Structures are given as C-alpha cells and as structure tokens.
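If you read the sequence from its start, that first residue is 1, and numbering goes on from there. Computed from a predicted model, the values in this text were never measured in an experiment.
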Amino acid sequence: MRKIHVVTACSETIQGYDKGEVSEEGIDMSGVSDNECSFILASDIIDEIPTDNIGAAMQIFVSKMRMGSTLITGGTDIRLLSRAVVRGDIPVADASRLMSVSNSCVDLRTIVGILKSLGLTIKSTAYQGVRYEIEATR
C-alpha cells in the first residue's frame, strides 16, 4: 500500500512516502495507479492549485485512493483571511504577500463540498489561524 506526499516541485517529501507534485501544469501522480494509495498527504496544497482546477485535482486524488484510505488536504480560508485583515489581526502587506504567491484561496466549506461530491466522507476539519486542514476517507 502506497503513501503519497503531494508537494510543490522543489519541495522534499517525508521519509517513507512517495512523491506527488503540484505545479502550474497541474498535479503529477503519473507513477501512481488508480486505487493504489492507502494514504495521501496533500496538506497546504490547495493554495497551489488554480481555483478553476481544484475539483479536477481532488478527483485525481480520489481516483488514486483505495477503499478505506485517507486524504489529508488544506489551504487558506479566504473568509478567515478577509476577516483577519478587516479586524487588523493580519497586516494588509502580509495578506497581500500571501495572496501574491497563491494560485487560489478557497474556504473550507467549498472544499468539503467538493470532497463530499466525490464520494468521500469527512472525518475531521481543523483551523489554525486562517489555514484549515481536512481529513477525508474513501
């Protein structure tokens, strides 16, 4: 059973995990067969995927997952980021830098909806500041 760590092209993976890459061209999991993965760790990866491609990216992850497997993913919640800027919790310059390096900034509810529509069960959700993490099972 394979465990995959999805990272940006220049990043290292956790020891014991095979590498999946996300780049401007999309997600490369070409070396992974369908229904082969027992665990996909794609934390903080949603910000790297253009908004219009998030559904397709999540579909790629689901296609690689075995029954009973787990996906962990996450990103920056635009609603929480906006609220933090308005309240003065995050300086505008910091929020601007964050947005300039991200391909998307989608809220947790939207991602949960996408994952549920693909047949996954949401096991847990968590926030840390303006970032979220979702654990889903197939």
Tested for side chain to side chain contact (heavy atoms under 4.5 Å, CB included) against Thr76, the lone hit among Leu98, Val106, Leu108 is Leu98

Hydrophobic cluster identity match, Leu118 and Leu71, side-chain contacts under 4.5 Å
yes

Short side-chain donor-acceptor distance under 3.5 Å, Ser69 and Arg138
no

Looking only at heavy atoms, the pair that brings Arg2 and Glu36 closest together is CD-OE2, 2.8 Å

Shortest non-hydrogen contact from Ala136 toward Leu115
CB-CD1, 4.3 Å

Under the 3.5 angstrom rule, does the side chain of Ser102 hit a backbone N or O of Met99 as a donor-acceptor pair?
no

Do the side chain of His5 and the main chain of Ile14 share a donor and acceptor less than 3.5 angstrom apart?
yes

Show the numbers, then the answer: is there a salt bridge (charged side-chain N to carboxylate O under 4.0 Å, His left out) between Glu133 and Arg131?
CA-CA 7 Å; Glu133 186 172 271; Arg131 304 198 56 76; over 6 Å; no

Does this structure show an ion pair linking Arg79 with Asp77, if we count only N-O contacts that are shorter than 4.0 Å?
no

Does the side chain of Ile4 reach to within under 4.5 Å of the side chain of Tyr17, using non-hydrogen atoms?
no

Identify the heavy atoms of Leu80 and Gly129 that sit nearest to each other, and give their distance.
CD1-O, 3.8 Å

For Ile45 and Val6, the nearest pair of non-hydrogen atoms, with its separation, is CD1-O, 3.6 Å

Within the 4.5 Å heavy-atom criterion, are Thr70 and Glu135 side-chain neighbours or not?
yes

Say whether, by atom type as modelled, one donor and one acceptor occur between the side chain of Thr73 and the main chain of Ala42 under 3.5 angstrom.
yes

Is there side-chain contact between Met65 and Leu120, with heavy atoms separated by less than 4.5 Å?
yes

Is there a donor-acceptor pair closer than 3.5 Å between any side-chain N or O of Ser104 and the backbone N or O of Ile46?
yes

Does NZ or CZ of Lys3 lie under 6.0 Å from the centre of the six-membered ring of Phe39, at an angle within 45° of the ring axis?
no

